[in-house]
Amino acid sequence: MEQTVQTVLEVMQNEGLIQVEVSARHVHLCERSIKVLFGPDAKLTPKRDLSQIGQYLSEERVNLIGPKGRKDKIAVLGPLRKETQVELSKSDCISLGVSAPVRQSGDTKDSGAITIEGPRGTLEIKEGVIIAQNHVHMTPESAGRLGLKDNQHVKVAVFSERPIIYGDVVIRISEKFRTRMHIDFDEANAALISGFTLGRIIADES
């Protein structure tokens with residue numbers, strides 16, 4: 001069954017079609033942060049694999065505290081990273097009172113500040129909060145078939161109840177990736193996306 005699904009996905013990718021996944025608010029932690037929040041011997045406990053190879057949803061949860069409010073039981077994704085990063089939607093930022101730029105994952109210099117609360121401690125980060133730029137993870141093979149390059153910017157038409165064309169979508173290429181487009185909940189709600197959704201790469205914006 002898994003092999004059949006993979007074959008279908010490869011055929012779709014040859015036509016420029018990609019599966020669209022919605023990424024909810026979440027946190028990536030570094031080793032120092034997990035010790036502060038969960039204790040000196042703490043490790044992330046995998047709960048469920050995500051679509052990208054080696055990435056997983058952990059059993060651990062944290063609370064986020066901003067100047068205007070808080071959000072509890074926020075997902076922590078593994079594995080650990082070099083720097084702690086919080087990914088929110090614009091709506092999340094407004095309700096928390098946090099100012100965050102639209103950035104690619106890992107680009108956190110001069111980004112938003114927030115307080116992260118765990119069961120064993122609290123951590124104030126001066127930068128690390130971003131609104132993730134929508135992007136497409138691609139394998140080198142998929143990108144090669146479509147003539148796409150790493151960090152290229154494209155448009156993607158999403159087929160949903162309220163079809164939308166997303167501009168300035170970043171192509172990210174790695175042998176460790178599976179080909180998927182990632183958008184946040186604000187973007188998904190704007191397109192009335194529900195369940196399995198496809199998009200098509202339609203134009204180069206570079």
Side-chain angles (χ1 to χ4, degrees), residues 2 5-31 49-57 75-90 100-112 127-160 163-188 190-191 193 196-206:
E2 183 177 347
V5 171
Q6 188 60 37
T7 300
V8 172
L9 289 174
E10 289 178 0
V11 172
M12 293 192 314
Q13 291 163 20
N14 289 340
E15 299 298 321
L17 294 171
I18 50 175
Q19 184 177 343
V20 180
E21 294 182 335
V22 182
S23 181
R25 65 182 78 98
H26 61 271
V27 174
H28 299 279
L29 297 176
C30 67
E31 186 171 358
D49 289 337
L50 302 177
S51 64
Q52 297 306 310
I53 298 171
Q55 305 294 307
Y56 58 86
L57 172 69
V76 177
L77 304 188
L80 294 179
R81 292 198 176 185
K82 292 182 179 179
E83 301 291 340
T84 291
Q85 177 177 295
V86 178
E87 296 185 31
L88 301 174
S89 70
K90 180 63 176 178
V102 177
R103 296 277 184 83
Q104 290 194 53
S105 181
D107 182 6
T108 58
K109 183 176 175 56
D110 299 324
S111 57
E127 61 181 22
V129 184
I130 65 169
I131 300 169
Q133 183 169 4
N134 48 29
H135 54 278
V136 177
H137 293 280
M138 299 196 85
T139 64
E141 293 75 18
S142 294
R145 287 193 292 265
L146 297 173
L148 298 172
K149 298 179 180 179
D150 192 39
N151 285 318
Q152 184 173 344
H153 291 234
V154 300
K155 293 179 181 177
V156 177
V158 172
F159 310 125
S160 63
I164 282 182
I165 297 176
Y166 294 104
D168 198 29
V169 180
V170 179
I171 300 295
R172 297 169 57 185
I173 300 172
S174 172
E175 293 180 353
K176 298 180 179 180
F177 289 161
R178 290 193 176 102
T179 301
R180 301 287 193 279
M181 180 180 183
H182 283 171
I183 61 176
D184 68 26
F185 261 95
D186 282 356
E187 295 167 315
I193 288 175
F196 181 82
T197 302
L198 291 176
R200 183 190 295 275
I201 298 172
I202 59 173
D204 187 351
E205 287 202 335
S206 61

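Numbers here are sequence positions counted from 1.
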Side-chain H-bond candidate by donor/acceptor type, Gln85 with Glu83, under 3.5 Å: no
Minimum heavy-atom distance between Ile171 and Met138, given as atom pair plus value: CG2-SD, 3.9 Å
Distance (rounded to the nearest 0.5 Å) between His182 NE2 and Ser105 OG: 11.0 Å
Sub-4.5 Å side-chain heavy-atom contact between Asn151 and Gln104: yes
Criterion side-chain contact (heavy atoms from CB on, under 4.5 Å) on Arg172 and Gln133, from CA distance to verdict: CA-CA 11 Å; Arg172 297 169 57 185; Gln133 183 169 4; over 6 Å; no
Results of side chain to side chain donor-acceptor pair (under 3.5 Å) for Ser89 - residues two or more places apart only: Asp92
Residue pair Ile173 / Ala143: nearest heavy atoms and the distance that separates them: CD1-CB, 3.4 Å
Between Ser111 and Thr108: side-chain donor-acceptor atoms closer than 3.5 Å: no
Partner set under side chain to side chain donor-acceptor pair (under 3.5 Å) for Asp49, not counting sequence neighbours: none
pair Val156-Val20: side-chain heavy atoms closer than 4.5 Å: no
CD/Glu31: more than 12 non-hydrogen atoms of other groups inside 6.0 Å: no
CG on Asn134 to CG on Asp186, rounded to 0.5 Å: 12.0 Å
Minimum heavy-atom distance between Ala188 and Val22, given as atom pair plus value: CB-CG2, 3.6 Å
Passing option when Val154 is tested against Asp168, Ile202, Val170, Leu148 for side-chain contact (heavy atoms from CB on, under 4.5 Å): Leu148
From Lys109 atom NZ to Glu127 atom CD, the distance as rounded to the nearest 0.5 Å: 6.5 Å
Contact check, side chains of Ile130 and Asp107, non-hydrogen atoms, under 4.5 Å: no
Audit row: Ile193, Ile183, side-chain contact (heavy atoms from CB on, under 4.5 Å) steps and yes/no: CA-CA 10 Å; Ile193 288 175; Ile183 61 176; 3.5 Å; yes
For Met181 against Tyr166, the heavy-atom pair lying closest together: CE-CD1, 3.9 Å
Over all atoms of both residues, closest heavy-atom pair of Arg81 and Gly106: NH1-N, 4.5 Å
Distance (rounded to the nearest 0.5 Å) between Arg180 CZ and Ser142 OG: 10.0 Å
Residue pair His28 / Pro79, side-chain heavy-atom distance below 4.5 Å: no
Leu77 side chain near Leu57 side chain, heavy-atom distance below 4.5 Å: yes
Donor on one side chain, acceptor on other, Ser51 and Glu21, under 3.5 Å: yes
CG on Leu198 to CD on Gln19, rounded to 0.5 Å: 7.0 Å
Nearest heavy atoms of Ser160 and Ala191, plus distance in Å: OG-O, 2.7 Å
